[in-house]
Amino acid sequence: MKKIFSSEITPYSSYINRRKFIQSTAAFSIAFSLPSVLQASHGESPTKFDHQLDEGDKLNSFQEITTYNNFYEFGMGKSDPSEKSSKFKPKPWSINIEGLVNKPFTLNLEDLLSKVTIEDRVYRLRCVEAWSMVIPWQGFPLSKLIEIASPLDTAKFVQFETTYRPEEMPGQKKRILPWPYVEGLRMDEAMHPLALLSTGLYGHELLNQNGAPLRLVVPWKYGFKSIKSIESIRFVDRQPDATWSMLAPREYGFYSNVNNTVHHPRWTQATERRIGEFLRRPTLMYNGYEEEVAHLYKNMDLNLLY
Amino acid sequence: MISSRAINKSKPLILLLLLLPSFIWIGMFINGSLGVNPIDILMDELGEMTLRLLVLVLVISSLSQYSNLRSLQNLRRMIGLVAFYYVSLHLISYVFLDHFFNFSFILKDILKRPFITFGFMGFILLLPLVFTSTNNMVKKLTFKVWKKIHYLIYLVILLGIFHFYLLTKADKTEPLIYLGIVIILFFLRIYNKFFSRRVALR
């Protein structure tokens, strides 16, 4: 992992301006040679991200990242989250810290943000449905929040819970999933420096469809592990429930690490379509973060604990 | 009473209407207005349209059991062939757009992903219906044999619905609605066959 300095954070307006310029020149040069469907709508990345972008990766555009989402709280269609989330009010927001902690408490999001440093993190996101994106997130390590929460030694797992507001989240009016959405991590996974709590992307506050105001980003796991609009964080001593894995345990494991050798009955996990690209690309073990995270799972049979 | 002549006259218009969605989707695909993952959207639309058309064929068969709607059966072949057109586009987009002719991968996909297995079986079983769709073939095979072959439509639709059911992640209402319609039509058909003469629907 590369080191990130907080001074490197670019305000949203400069991303957009730079990107517009890059896109308009790029669009001009290829507009006459390719049908528009094949044009990746992202140009070169802003130079400040170059050192964070891995070889062969390009940032997905703000438009791609904010219009193609799985967030069943707003509906099952990919465009439902961007089209049906306008009623959702991510402000004010507070987070309940519960379970095996010294003292359970409720944390105001603004107070929390005053205690942490927001960093830029460019991560690949790999959906279990075999598509992927590259996203420039802003956020802070989950470990910082865990430090603030000060869990007891008996805490072995962390469970996260999305807010339940059927009046603001139309998808929750139907029992598509057992609401509220829950997810979990083992303590060592949660403490891993790559595990991020995100507050924004492209220098812009998170939009409702991306999990405003606070969401998890665990880049080496399938996207559904990265729970959105987190309202409660619970420390527990045994493996907690996780929504998809409860619903279909044979399809979605608790760990759900990106693994190109363990296939889902519906989707091959050997390849993926990067949004904006035509040809599929091979899926990387742990989504390309093998070097950083493989040690967490070294004595586990990944065919059983998928 | 709908006359055969009226049906035959309106056939070109109906055909155009049935083909229209495919032109729209392909147009949107080419000019980039099917969203950021256009291949998935295109495949879904083409697949669902196939299912709708196959169910429509069954509805028409059932309705044409009533004497005053008999002429409707003149539409069956055309709609069935349009369904075949849609499922072919669906398959082509899977082979070309989704996997870019990576046949070793596709073969594995057909064998290993149950939803692809069932979808592919449905396509294969639709082929004999297409090949025997001409008047000549009906004569050659005799109507009795031809009819037996064409009962395969039920199996094709069930495979299509199962294909759809398996690929749906949560909330399986939509595939179950298709299944419900097919079951009702099937029993209606049996009922008409054994318990009633041709009657007019009022």
Side-chain angles (χ1 to χ4, degrees), chain A residues 27 31 34-42 60-70 72 75-79 82-83 127-133 171 174-178 181 224 243-244 247-248 251-252 263-280 282, chain B residues 24-48 92-120 162-177:
Chain A
L34 277 174
S36 55
V37 65
L38 297 179
Q39 288 177 21
S41 50
H42 38 265
N60 279 95
S61 70
F62 186 74
Q63 196 250 341
E64 287 168 332
I65 299 167
T66 56
T67 58
Y68 192 75
N69 308 97
N70 274 330
Y72 283 14
M76 288 175 56
K78 294 284 185 291
S79 54
S82 54
E83 287 165 5
C127 179
V128 72
E129 296 166 352
W131 53 268
S132 63
M133 294 190 189
K174 285 198 213 160
R175 285 194 47 88
I176 307 164
L177 298 176
Y181 193 88
F224 65 87
T243 298
W244 282 107
L247 207 68
E251 297 182 24
Y252 313 96
H263 299 293
H264 186 279
R266 270 194 289 281
W267 307 285
T268 164
Q269 302 298 15
T271 64
E272 65 199 51
R273 172 162 300 106
R274 180 66 52 83
I275 297 301
E277 292 180 356
F278 175 63
L279 292 179
R280 284 170 173 262
Chain B
I24 293 174
W25 291 325
I26 293 169
M28 286 175 78
F29 181 81
I30 290 169
N31 86 6
S33 45
L34 271 191
V36 307
N37 196 353
I39 297 173
D40 272 25
I41 307 263
L42 185 70
M43 283 199 298
D44 286 358
E45 296 288 9
L46 294 170
E48 265 215 70
I92 289 168
S93 46
Y94 166 74
V95 171
F96 165 48
L97 301 173
D98 201 15
H99 292 289
F100 200 62
F101 307 112
N102 187 346
F103 287 110
S104 65
F105 191 96
I106 289 168
L107 189 68
K108 257 194 260 164
D109 227 19
I110 292 173
L111 297 175
K112 275 188 167 171
R113 307 273 101 72
F115 92 91
I116 307 241
T117 317
F118 289 112
F120 194 69
F162 199 45
H163 168 71
F164 185 27
Y165 179 88
L166 286 177
L167 70 86
T168 310
K169 258 169 88 179
D171 191 15
K172 313 240 179 194
T173 339
E174 241 186 290
L176 290 176
I177 289 172

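Numbers restart at 1 for each chain; the letters A, B, ... are given by sequence-line order, proteins then strands. We use all heavy atoms of the structure for the numbers below, so side chains are in, but hydrogens, waters and symmetry mates are not.
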Inset, instruction - In sequence, state the C-alpha distance, the side-chain angles, and the governing distance for B:Phe105 and A:Thr268, and then conclude on side chain to side chain contact (heavy atoms under 4.5 Å, CB included). - result: CA-CA 10 Å; B:Phe105 191 96; A:Thr268 164; 3.3 Å; yes
Inset, instruction - Report the C-alpha separation of B:Asn37 and A:Lys78 in whole Å, then their side-chain angles, then the decisive distance to 0.1 Å, and conclude whether the side chain to side chain contact (heavy atoms under 4.5 Å, CB included) test is met. - result: CA-CA 9 Å; B:Asn37 196 353; A:Lys78 294 284 185 291; over 6 Å; no
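Interface remark: of the candidates B:Asp109, B:Leu34, B:Leu97, B:Leu97 forms the most heavy-atom pairs closer than 4.5 Å to chain A. Annotation: maximal heavy-atom pairing with chain A below 4.5 Å, among B:Thr173, B:Leu166, B:Asp40, B:Ile41, occurs at B:Leu166.
Only the side chain of A:Thr67 has a heavy atom closer than 4.5 Å to any heavy atom of chain B. For a residue to count as touching a neighbouring chain, one of its non-hydrogen atoms must lie under 4.5 Å from one of that chain's; by this rule B:Leu167 touches chain A with backbone and side chain alike. For B:Lys108, no part lies under 4.5 angstrom from a heavy atom of chain A. At a 4.5 Å heavy-atom cutoff, the contact between A:Trp267 and chain B is made by backbone and side-chain atoms alike. Heavy atoms closer than 4.5 Å to chain B are found in the side chain of A:Leu177, but not in its backbone. Neither the backbone nor the side chain of A:Glu251 comes within less than 4.5 Å of any heavy atom in chain B. Interface remark: B:Ile39 contributes side-chain atoms only to the contact with chain A (heavy atom separation under 4.5 Å).
Side-chain atoms of A:His263 and B:Arg113, non-hydrogen and from C-beta on, do get closer than 4.5 Å to each other.
At most 12 non-hydrogen atoms from other residues, nucleotides or ligands lie less than 6.0 angstrom from OH of B:Tyr165.
The residues A:Arg280 and B:Asp98 are annotated as salt-bridged, a charged nitrogen and a carboxylate oxygen being separated by less than 4.0 angstrom.
Residue B:Phe100 comes nearest to A:Phe278 through the heavy atom pair CD1-CE2, 3.5 Å, listed as atom of the first residue, atom of the second, then distance.
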